[in-house]
Asker: 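Below is one structure. I have some questions about it.
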Number of protein chains: 2
Amino acid sequence: MNKEAVEQYDSSVYRTPDGYTSDIAVFTIHSEKREHKPPVVNLMLMLIRRAEQTAEGTPNIEAGKWALPGGFVQPDETALEAAHRELEEETGVKGIHMKHYGMYDRPGRDPRGWILSNAHYAIVPEDLLVSRKASDDAEDVQLFRLEELKTIPLAFDHAELIADAIREIRSDLLQTTAAKNFLPSEFTYSELQAVLLTVTDDPAIKSEQAFARKIKTLPFIAEAEGKTTARTSKKPAKLYKFKEMDVIKPIYTARY
Amino acid sequence: MNKEAVEQYDSSVYRTPDGYTSDIAVFTIHSEKREHKPPVVNLMLMLIRRAEQTAEGTPNIEAGKWALPGGFVQPDETALEAAHRELEEETGVKGIHMKHYGMYDRPGRDPRGWILSNAHYAIVPEDLLVSRKASDDAEDVQLFRLEELKTIPLAFDHAELIADAIREIRSDLLQTTAAKNFLPSEFTYSELQAVLLTVTDDPAIKSEQAFARKIKTLPFIAEAEGKTTARTSKKPAKLYKFKEMDVIKPIYTARY
DNA sequence: CTAATAGTGTCTTTAAGACATTATCTC
DNA sequence: GAGATAATGTCTTAAAGACACTATTAG
């Protein structure tokens, strides 16, 4: 590295952003048990309601509207690290799957100035969200079904961030092995199927028999030899697990 | 919007980034004709050699190393707009396909300070790059085959940006209709096949007969009725075009 | 026994894979 | 006619789709 060059560099010739934030679209799958009927399984998004006042007691921007959790990135961390830190501060959840999916930098998107947002989506198993920090007022943190999102007031350009997050998680669930982040390490065919059905109505995935057969032939899924569980039905069901491998299925071919 | 809140907001309580840059991985497909043999077709990446001195005459950081073209984003534009502007300034090329694929913000990635890089990849048909601006010294702008990239000195963390760009364009070419950006609006099966073969060796794509048959059944490709061209062979070949549609092919199913 | 999910048998239909053959044109 | 790419014919094999049927167990 050229030391002289570093010292001579004058960043003041360029205008610099007024802030760099990390936002998180936290998804979970909510399963609602019903008597004598299969459970209603839904993909849900966690939003927080912006407070009327800031911590300093001044009126808060976009107060009362719903927003993705997030906050300013510190100079000694990446936005991904900030997202993990903020999600833990907000919900007590840590160690979950998180992925960058977009960058939002349209001039005027935030009235406070030139503020960049690095957007991530997170996948959180439902049970982790239930054991949420007591410090959060339940009124201000809420899970929404995806259809509900059109009907509530959203802060800043978060309607756009959310629409993009949904598109991203949908394609990741169907085209990568991302579904594993909603599941225990060993799972039944019907558990995997339930995750996929939150984002698709493909008949080949909808049919129990077809899917139960298909899962055995998928190169990225292995049987957990000999293991079964009765957690999804009275009859014990075989357990499967994801293999560690990259999957690219070209749209131009049929097989793997 | 809450006006009082805007005025009371004090951005100085947070440290702000020292710069926001937009970088571009410019890909093109180079086709080298040979006598009595099929042409050698390769995916190539354009890089620029960093000057010894800045425009102000001071020593340049990372001078002499190869880097992705790019530069600082202005407050009145998005990084995507900046990428288009910079690519035109650099190569005279405009109106081409450009896509965000990553954000690079690791502390220390740029010795000049806390500098964020919003990375894009661009797809440029080869003939547009040939008519490059004369103002560029040919020595300092060069196309590299992907294998060559391991052997040349790269500036900053651009080795990482480039590796991610290659992964992204590879998966986009195979899993989306991105290949259309390397092709004329109407193309033969062998032209599409040549594009795909730059990023895959899938036997179903490699075989002429198999691919010529398969292209007729793809739901996102239509025949250009009655039209043919002889530009790829002595025998006139049918022309095809991409339909305007989203394609998601789940890894869990066989058909569309 | 009933109800529910798990899992198999089997037949039909469709598509993939392989390989040979024909078509069209330039040189 | 040689040589190149384009395109089809046809046979074999594998997989998808459909539907009936069996298995296991809680209540």
Side-chain angles (χ1 to χ4, degrees), chain A residues 31-41 186-197 200-219 221 223-240 249-256, chain B residues 31-41 186-197 200-219 221 223-240 249-256:
Chain A
S31 181
E32 191 182 332
K33 299 227 166 5
R34 296 177 304 173
E35 283 290 315
H36 305 304
K37 282 181 178 174
V40 177
V41 177
E186 299 190 334
F187 50 87
T188 68
Y189 85 88
S190 62
E191 288 173 323
L192 172 57
Q193 186 187 28
V195 171
L196 300 178
L197 288 179
T200 186
D201 57 0
D202 189 310
I205 292 178
K206 245 179 177 163
S207 154
E208 284 100 7
Q209 292 99 322
F211 194 73
R213 276 220 171 95
K214 185 74 190 174
I215 196 172
K216 293 195 195 353
T217 72
L218 296 173
I221 290 183
E223 280 192 42
E225 292 291 345
K227 296 198 195 170
T228 59
T229 183
R231 65 174 175 252
T232 60
S233 76
K234 290 151 189 179
K235 170 165 179 179
K238 283 185 192 157
L239 285 167
Y240 298 88
K249 181 162 177 168
I251 59 177
Y252 301 98
T253 66
R255 302 220 204 310
Y256 290 95
Chain B
S31 182
E32 192 182 332
K33 299 225 167 8
R34 296 178 304 173
E35 282 292 315
H36 305 304
K37 282 180 176 176
V40 178
V41 177
E186 299 189 334
F187 50 87
T188 68
Y189 86 89
S190 63
E191 288 173 323
L192 172 57
Q193 185 187 30
V195 171
L196 300 177
L197 288 178
T200 187
D201 56 0
D202 189 311
I205 293 178
K206 245 179 177 164
S207 154
E208 283 100 7
Q209 292 97 324
F211 195 75
R213 275 221 171 98
K214 185 72 191 174
I215 197 173
K216 293 195 193 357
T217 72
L218 296 174
I221 290 183
E223 278 191 45
E225 292 292 344
K227 297 198 194 168
T228 58
T229 182
R231 66 175 174 251
T232 59
S233 76
K234 289 149 190 177
K235 171 167 178 179
K238 284 184 191 157
L239 285 166
Y240 299 88
K249 181 161 177 169
I251 58 177
Y252 300 98
T253 65
R255 302 223 205 309
Y256 291 95

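A note on names: the letters A, B, ... follow the listed sequences, proteins ahead of strands, and every chain is numbered from 1. These numbers were taken from a predicted model, which means no experiment stands behind them.
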Asker: Which nucleotide, C:dT8, D:dT8, D:dA6, lies nearest any side-chain atom of B:K216?
Answerer: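 For the B:K216 side chain, the nearest candidate turns out to be D:dT8.
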Asker: Could you give the NZ-to-P distance, from A:K214 to C:dT8, as a whole number of Å?
Answerer: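 Rounded to the whole Å, the gap is 16 Å.
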Asker: Under 4.0 Å: is that the gap between some side-chain N or O of B:K238 and OP1 or OP2 of D:dT8?
Answerer: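 Checking D:dT8 against B:K238, a side-chain N or O does come within under 4.0 Å of OP1 or OP2.
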Asker: Might you point out which heavy atoms bring A:V41 and A:S31 nearest each other, and give the distance in Å?
Answerer: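 Smallest interatomic distance, heavy atoms only, reads CG2-OG, 4.0 Å.
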Asker: Compare every heavy atom of B:K33 with every heavy atom of B:P39, then report the nearest pair and how far apart it is.
Answerer: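 Heavy-atom minimum between the residues: CB-CA, 4.1 Å.
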Asker: List the atom of B:A230, the atom of B:K234, and the distance in Å for their closest heavy-atom pair.
Answerer: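 Nearest heavy atoms, B:A230 then B:K234: CB-O, 4.5 Å.
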Asker: Between B:Q193 (side chain) and B:I205 (backbone), is there a donor-acceptor pair under 3.5 Å?
Answerer: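 Pair found, side chain donor or acceptor close to backbone of B:I205.
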Asker: With the side chain counted from C-beta on, respond yes when B:L218 and A:Y252 share a heavy-atom pair under 4.5 Å apart, and no when they do not.
Answerer: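 Yes, their side chains come closer than 4.5 Å.
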Asker: Would you kindly give the CD-to-C1' distance between A:E208 and D:dA23, to the nearest whole Å?
Answerer: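 It is 16 Å, rounded to the nearest whole Å.
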Asker: Looking at every strand, decide which applies to A:P236 at a 4.0 Å heavy-atom threshold: base, sugar-phosphate, or nothing.
Answerer: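 Result for A:P236 = sugar-phosphate.
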Asker: Rounded off to whole Å, could you give me the CZ-to-C1' distance for the A:R231 and D:dT24 pair?
Answerer: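 In whole Å, D:dT24 C1' lies 17 Å from A:R231 CZ.
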Asker: Would you call B:E191 and B:R231 a side-chain contact if the rule is heavy atoms closer than 4.5 Å?
Answerer: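 Yes, close enough: below the 4.5 Å cut-off.
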Asker: Nearest-Å distance, CZ (A:F211) to P (D:dA18)?
Answerer: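 In whole Å, D:dA18 P lies 17 Å from A:F211 CZ.
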Asker: So which protein nitrogen or oxygen atoms get under 3.5 Å of nucleotides 1-5 of chain D's nitrogens or oxygens?
Answerer:
residue	atom	partner	partner atom	Å
D:dA4	OP1	B:H36	O	3.4

Asker: Could you tell me the separation between the CD atom of B:Q209 and the C1' atom of D:dT12, rounded to a whole number of Å?
Answerer: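 Whole-Å distance recorded here is 17 Å.
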Asker: When you check the side-chain N and O atoms of B:K214 and B:Y189, is any donor under 3.5 Å from an acceptor?
Answerer: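 No pair is found: no donor N or O on one side chain lies under 3.5 Å from an acceptor on the other.
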Asker: How long is the line joining NZ of B:K206 and P of C:dG17, in whole Å?
Answerer: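 Going from B:K206 (NZ) to C:dG17 (P), I get 14 Å.
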Asker: Among D:dA7, C:dA6, C:dT8, which nucleotide sits nearest the side chain of A:A237?
Answerer: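 Output: C:dA6.
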Asker: Please list every stem that involves DNA chain D, where a stem is a run of 3 or more consecutive Watson-Crick or G-U wobble pairs with both pairing distances under 3.5 Å.
Answerer: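 C:1-27 with D:1-27 - these are the stems of 3 or more pairs that involve DNA chain D.
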Asker: Using modelled atom types only, decide if a donor and an acceptor are shared between the side chain of A:K206 and the backbone of A:T200 within a distance under 3.5 Å.
Answerer: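 A pair under 3.5 Å: no.
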Asker: Within the 4.5 Å heavy-atom criterion, are B:L192 and B:I215 side-chain neighbours or not?
Answerer: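 A side-chain contact under 4.5 Å exists here.
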Asker: Check if the side chain of A:R213 and the base of C:dG9 share a donor-acceptor pair of N or O atoms closer than 3.5 Å.
Answerer: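 Present.
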